[in-house]
Colleague: 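Sharing a structure here in structure tokens format.
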Amino acid sequence: MNPKVWNQLATRFRAFQLGWQTWAIIAFDLGLMLASWKLWNSRNFAAGMAAILLLSLALLHFYLILHEATHSAVSRNSKINNWVGNLAGWAILMPFYSRKRSHLLHHMWTGHPTGDPANLRIIKRFSVMTPKQAAQLEWIWRSWLPLLTLNDRIGMWRDPFQKINAGGQIIFYQKEIRAAYFYLLFYGLFFLFLMGTGSLVTFLTWYVPAWIIQLFLEELTNLPHHAETPLLDEKDPALQFYEQDRVTHSCKSLPVWSRFVLLNFNLHTAHHFFPWVPWSGLPGAHREIIRFMPELEKSQRTRNELLWSLRNRRRPLLQIMGHYFNKLPDPSYPFHAPHLEREWDFL
């Protein structure tokens with residue numbers, strides 16, 4: 001897409017009105033959680049399995065709603081966005097402010113090996129593996145265990161503390177660290193409440209399996225959109241939004257699954273072209289992009305998240321993401337300059 005067309009579409013989409021759909025999903029998910037808890041406490045095996053599946057769906061939606069909040073797409077009020085993002089993050093053990101910084105840098109530096117924090121976490125964790133480590137990773141991959149998602153989640157908790165230990169400005173990461181301590185405080189208080197009411201074991205056996213399924217669904221949702229795309233060189237400039245089809249994939253829209261389970265997250269190239277557009281507006285953005293780039297529609301006709309995973313879990317992971325695992329980041333390149341991190345708000 002050329003810059004002129006992108007600017008015309010961007011002007012129109014910046015006026016997109018945030019609708020009621022996100023709040024309807026939030027209300028629906030709270031209802032799902034309540035129904036799931038009641039089913040779990042019925043002590044019936046079939047009801048218990050249904051309870052875990054319902055809770056898994058609610059937790060996946062919390063992840064997607066948190067994603068909306070990182071782009072200020074829940075509300076025009078920043079405080080409401082932050083409250084929604086933090087409550088969703090607390091529920092799925094994902095620190096919202098660290099996720100926001102990481103994710104907005106991901107949009108600024110999509111496809112970059114070190115400018116994109118998600119890529120950097122993978123490279124730091126898995127680069128230059130021994131044959132034994134590669135075999136272990138391959139076993140985990142073929143077992144469908146969400147290691148990549150868990151690595152990313154742990155990295156977000158550790159990142160602000162690591163930045164300060166490496167000489168970063170304390171004031172810049174203060175909000176993230178303060179929020180992390182608040183999360184831990186309320187986890188502790190919630191744990192004590194469950195202990196006091198005698199419901200700790202019941203809660204953990206209900207929540208933990210659903211959370212693990214949510215991690216799996218999170219990986220299933222994310223991987224097809226960036227796996228097997230080129231990795232830029234460290235000295236390459238950031239791609240403009242209208243260039244990011246080079247390093248993103250969209251997936252085919254499936255009835256119910258794409259709109260009501262993934263909240264249109266499958267329309268990932270449209271999201272990268274116009275990251276401020278809420279999930280409910282992505283189908284319209286996607287249609288406009290296809291008008292000018294019909295080749296994108298052809299490339300996604302046979303790709304959906306489920307088929308991609310079924311096919312690629314049988315392939316060696318090093319064939320899919322080996323260009324991440326065989327690379328060492330160059331610490332001399334100043335990709336993480338503070339002035340870059342302070343430009344998030346325009347996203």
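Note that the coordinates shown come from a computational prediction; the quantities given were computed from them, not determined experimentally. Positions are given from 1, in the same order as the sequence printed here.
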Colleague: Can you see whether Trp6 engages Gln240 through a side-chain donor-acceptor pair at a distance of less than 3.5 angstrom?
Modeller: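 Checked: Trp6/Gln240 side chains show no N/O donor-acceptor pair below 3.5 Å.
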Colleague: Apply side-chain contact (heavy atoms from CB on, under 4.5 Å) to the pair Tyr242 and Asn2, showing each step before the final yes or no.
Modeller: CA-CA 7 Å; Tyr242 53 80; Asn2 66 60; over 6 Å; no
Colleague: Considering residues at least two apart in sequence or located in another chain, which fulfil the ring-ring contact (aromatic ring centres under 6.0 Å, His included) criterion with Phe265?
Modeller: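 Result, ring-ring contact (aromatic ring centres under 6.0 Å, His included) vs Phe265: His67, His225, His268.
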Colleague: Kindly state each residue pair satisfying salt bridge (Lys or Arg N to Asp or Glu O under 4.0 Å) with at least one member in residues 139-157, sequence neighbours excluded.
Modeller: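 Sorted pair list: Arg121-Asp152, Glu138-Arg142, Arg153-Glu218.
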Colleague: Using a cut-off of 6.0 Å, state whether more than 12 heavy atoms not belonging to Met49 lie near its atom CE.
Modeller: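 It does: Met49 CE has more than 12 such atoms within range.
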Colleague: Describe, in one word, how the ring planes of Trp211 and Tyr207 are oriented to each other, choosing from parallel (under 30°), tilted (30 to 60°) and perpendicular (over 60°).
Modeller: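 Ring orientation, 0 to 90° scale: parallel.
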Colleague: Mind listing the closest non-hydrogen atom pair of Lys252 and Ser258 along with its distance?
Modeller: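 Where Lys252 meets Ser258 most closely, the heavy atoms are O-OG, 3.7 Å.
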Colleague: Under 4.5 Å between side-chain heavy atoms, counting indirect links through other Ile/Leu/Val/Met/Phe/Trp/Tyr residues: same cluster for Leu57 and Ile212 or not?
Modeller: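 Looking at the clustering, Ile212 is in the same group as Leu57.
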Colleague: Under the side-chain contact (heavy atoms from CB on, under 4.5 Å) test against Trp37, which residue among Thr202, Leu54, Leu55 passes?
Modeller: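 Looking at Thr202, Leu54, Leu55, the match for Trp37 under the side-chain contact (heavy atoms from CB on, under 4.5 Å) is Thr202.
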Colleague: Please determine whether side-chain contact (heavy atoms from CB on, under 4.5 Å) holds for the pair Trp23 and Val84, giving the CA-CA distance in whole Å, both sets of side-chain angles, and the decisive distance to 0.1 Å.
Modeller: CA-CA 10 Å; Trp23 294 105; Val84 170; 3.9 Å; yes
Colleague: Should we say atom CZ of Arg158 is surrounded by more than 12 heavy atoms from elsewhere, each under 6.0 Å from it?
Modeller: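 No, not enclosed.
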Colleague: Looking at every heavy atom in both Thr22 and Ala73, which two are closest together, and how far apart are they?
Modeller: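 Between these two residues, the closest heavy atoms are OG1-O, 4.5 Å.
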Colleague: Should Arg178 and Tyr97 be marked as a side-chain contact (heavy atoms from CB on, under 4.5 Å) after you check the CA-CA gap, both sets of side-chain angles, and the distance that decides it?
Modeller: CA-CA 10 Å; Arg178 188 165 57 242; Tyr97 290 124; over 6 Å; no
Colleague: Can you list the residues that meet the ring-ring contact (aromatic ring centres under 6.0 Å, His included) rule with Phe190, with sequence neighbours excluded?
Modeller: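 Applying ring-ring contact (aromatic ring centres under 6.0 Å, His included) to Phe190 gives Trp90, Phe203.
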Colleague: Which pair of heavy atoms, one from Ile177 and one from Pro160, lies closest together, and at what distance?
Modeller: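 Minimum heavy-atom separation between Ile177 and Pro160: CG1-CB, 3.8 Å.
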Colleague: For Arg246, which residues count as a side-chain hydrogen bond (donor to acceptor under 3.5 Å, both in side chains) partner, sequence neighbours excluded?
Modeller: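 For Arg246, no residue satisfies side-chain hydrogen bond (donor to acceptor under 3.5 Å, both in side chains) once neighbours in sequence are set aside.
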Colleague: State the CG-NZ distance between Asn82 and Lys175, to the nearest 0.5 angstrom.
Modeller: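 Answer for the CG-NZ pair, Asn82 versus Lys175, is 5.5 Å.
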Colleague: More than 12 heavy atoms of other residues, nucleotides or ligands under 6.0 Å from CH2 of Trp83: is that the case?
Modeller: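 Atom CH2 in Trp83 is not crowded, with 12 or fewer foreign heavy atoms closer than 6.0 Å.
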Colleague: Quick one: do Ser72 and Trp276 satisfy side chain to side chain donor-acceptor pair (under 3.5 Å)? Show the steps, please.
Modeller: CA-CA 7 Å; Ser72 301; Trp276 59 86; over 6 Å; no
Colleague: Determine whether Glu68 and Pro278 make a side-chain contact, defined as any pair of heavy atoms from C-beta on separated by less than 4.5 Å.
Modeller: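 Yes, their side chains come closer than 4.5 Å.
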Colleague: Is Leu34 reachable from Phe193 through a run of I, L, V, M, F, W or Y residues, each pair having side-chain heavy atoms under 4.5 Å apart?
Modeller: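 Per the 4.5 Å side-chain linkage, Phe193 and Leu34 are not co-clustered.
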Colleague: Mark yes or no for whether His286, through its side chain, and Ala270, through its backbone, hold a donor-acceptor pair below 3.5 Å.
Modeller: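 Between the backbone of Ala270 and the side chain of His286 there is no qualifying donor-acceptor contact (under 3.5 Å).
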Colleague: By ring-ring contact (aromatic ring centres under 6.0 Å, His included), which residues pair with Trp144, not counting sequence neighbours?
Modeller: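 Here the qualifying residues are Phe216.
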Colleague: Less than 4.5 Å apart, side chain to side chain, heavy atoms only: is that true for Gln214 and Phe62?
Modeller: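 Answer no - side chains too far apart.
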Colleague: Drop me the distance from Trp308's CH2 to Arg313's CZ, to the nearest 0.5 angstrom.
Modeller: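 So the gap between those two atoms works out to 7.5 Å.
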Colleague: Between Ser42 and Leu39, is there a donor-acceptor pair closer than 3.5 Å when you use the side chain of the first and the backbone of the second?
Modeller: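 Yes, because the side chain of Ser42 sits within donor-acceptor range (under 3.5 Å) of the backbone of Leu39.
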Colleague: Which residues pass the side-chain hydrogen bond (donor to acceptor under 3.5 Å, both in side chains) test with Thr197, not counting sequence neighbours?
Modeller: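 Once residues adjacent in sequence are excluded, the partners of Thr197 under the side-chain hydrogen bond (donor to acceptor under 3.5 Å, both in side chains) criterion are Ser199.
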Colleague: Tell me every residue that passes side chain to side chain contact (heavy atoms under 4.5 Å, CB included) with Lys132, counting only those two or more places apart in sequence or in another chain.
Modeller: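 Checked Lys132 against side chain to side chain contact (heavy atoms under 4.5 Å, CB included); matches are Thr130, Gln136.
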Colleague: Listed by chain and number, what are the side-chain hydrogen bond (donor to acceptor under 3.5 Å, both in side chains) partners of Tyr183, not counting sequence neighbours?
Modeller: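 Once residues adjacent in sequence are excluded, the partners of Tyr183 under the side-chain hydrogen bond (donor to acceptor under 3.5 Å, both in side chains) criterion are Asn86.
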Colleague: Here's a test for you: under side-chain contact (heavy atoms from CB on, under 4.5 Å), which of Leu60, Leu59, Leu64 qualifies with Leu217?
Modeller: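 It is Leu60, the one option of Leu60, Leu59, Leu64 that forms the side-chain contact (heavy atoms from CB on, under 4.5 Å) with Leu217.
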Colleague: Under 3.5 Å, side chain of Glu219 to main-chain N/O of Leu148, donor-acceptor pair present?
Modeller: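 Checking the backbone N and O of Leu148 against the side chain of Glu219, a donor-acceptor pair under 3.5 Å is found.
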Colleague: For the residue pair Phe96 and Leu87, establish whether any side-chain heavy-atom pair is separated by less than 4.5 Å.
Modeller: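 Result no, sub-4.5 Å side-chain heavy-atom pair not found.
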Colleague: Heavy atoms, side chains only, cut-off 4.5 Å: are Lys100 and Glu176 in contact?
Modeller: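 No, every pair of side-chain atoms sits at 4.5 Å or beyond.
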Colleague: Do the side chain of His272 and the main chain of His107 share a donor and acceptor less than 3.5 angstrom apart?
Modeller: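 Between the backbone of His107 and the side chain of His272 there is no qualifying donor-acceptor contact (under 3.5 Å).
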Colleague: In chain order, what residues pass the side-chain hydrogen bond (donor to acceptor under 3.5 Å, both in side chains) check against Asn81, with sequence neighbours excluded?
Modeller: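 So Asn81 forms no side-chain hydrogen bond (donor to acceptor under 3.5 Å, both in side chains) with any residue.
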Colleague: Under the salt bridge (Lys or Arg N to Asp or Glu O under 4.0 Å) rule, what pairs show up with a residue in residues 25-44, not counting sequence neighbours?
Modeller: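 Pairs touching residues 25-44 that pass the test: none.
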Colleague: For residues 269-294, which residue pairs pass the salt bridge (Lys or Arg N to Asp or Glu O under 4.0 Å) check, not counting sequence neighbours?
Modeller: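 Counting only pairs at least two positions apart or across chains, the salt bridge (Lys or Arg N to Asp or Glu O under 4.0 Å) contacts touching residues 269-294 are Arg12-Glu288, Glu288-Arg291.
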Colleague: Quick check on the hydrophobic clustering: are Leu145 and Leu137 connected, directly or via other members, by side-chain heavy-atom contacts under 4.5 Å?
Modeller: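 Yes.
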Colleague: State whether the side chain of Asn165 and the backbone N or O of Phe161 hold a donor-acceptor pair below 3.5 Å, judged by distance alone.
Modeller: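 Side chain of Asn165 to backbone of Phe161, a donor-acceptor pair under 3.5 Å: yes, one is there.
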Colleague: In this structure, are over 12 heavy atoms from other groups packed under 6.0 Å from Phe182 atom CZ?
Modeller: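 Counting neighbours around CZ of Phe182, 12 or fewer heavy atoms of other residues, nucleotides or ligands fall under 6.0 Å, so no.
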Colleague: Transitively linked via ILVMFWY side-chain contacts under 4.5 Å: Trp20 with Val277?
Modeller: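 No, Trp20 does not connect to Val277 through the hydrophobic network.
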Colleague: Determine yes or no for a side-chain-to-main-chain donor-acceptor pair under 3.5 angstrom, with Trp279 supplying the side chain and Ile65 the backbone.
Modeller: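 Judged by distance alone, no pair lies under 3.5 Å.
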Colleague: Do you reckon Leu204 sits in the same ILVMFWY cluster as Leu189, going by side-chain contacts under 4.5 Å, direct or chained?
Modeller: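 Yes, Leu204 and Leu189 fall within the same hydrophobic cluster.
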Colleague: So, the side chain of Asp116 versus the backbone of His112: is there a donor-acceptor pair under 3.5 Å, distance only?
Modeller: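 Side chain of Asp116 to backbone of His112: no pair is present.
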Colleague: For His61, give me all partners under ring-ring contact (aromatic ring centres under 6.0 Å, His included), at least two apart in sequence or on another chain.
Modeller: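 For His61 there are no ring-ring contact (aromatic ring centres under 6.0 Å, His included) partners, ignoring immediate neighbours.
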Colleague: side-chain contact (heavy atoms from CB on, under 4.5 Å), that's the test. Do Leu9 and Phe292 meet it? Break it down for me.
Modeller: CA-CA 11 Å; Leu9 293 176; Phe292 298 97; 4.3 Å; yes
Colleague: Considering only heavy atoms from C-beta outward, does the side chain of Asn266 approach that of Asn304 to under 4.5 Å?
Modeller: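 No; the side chains remain at least 4.5 Å from each other.
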Colleague: Is a donor from one side chain sitting under 3.5 angstrom from an acceptor on the other, for Ser36 and Trp206?
Modeller: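 Ser36 vs Trp206: donor-acceptor pair found between side chains.
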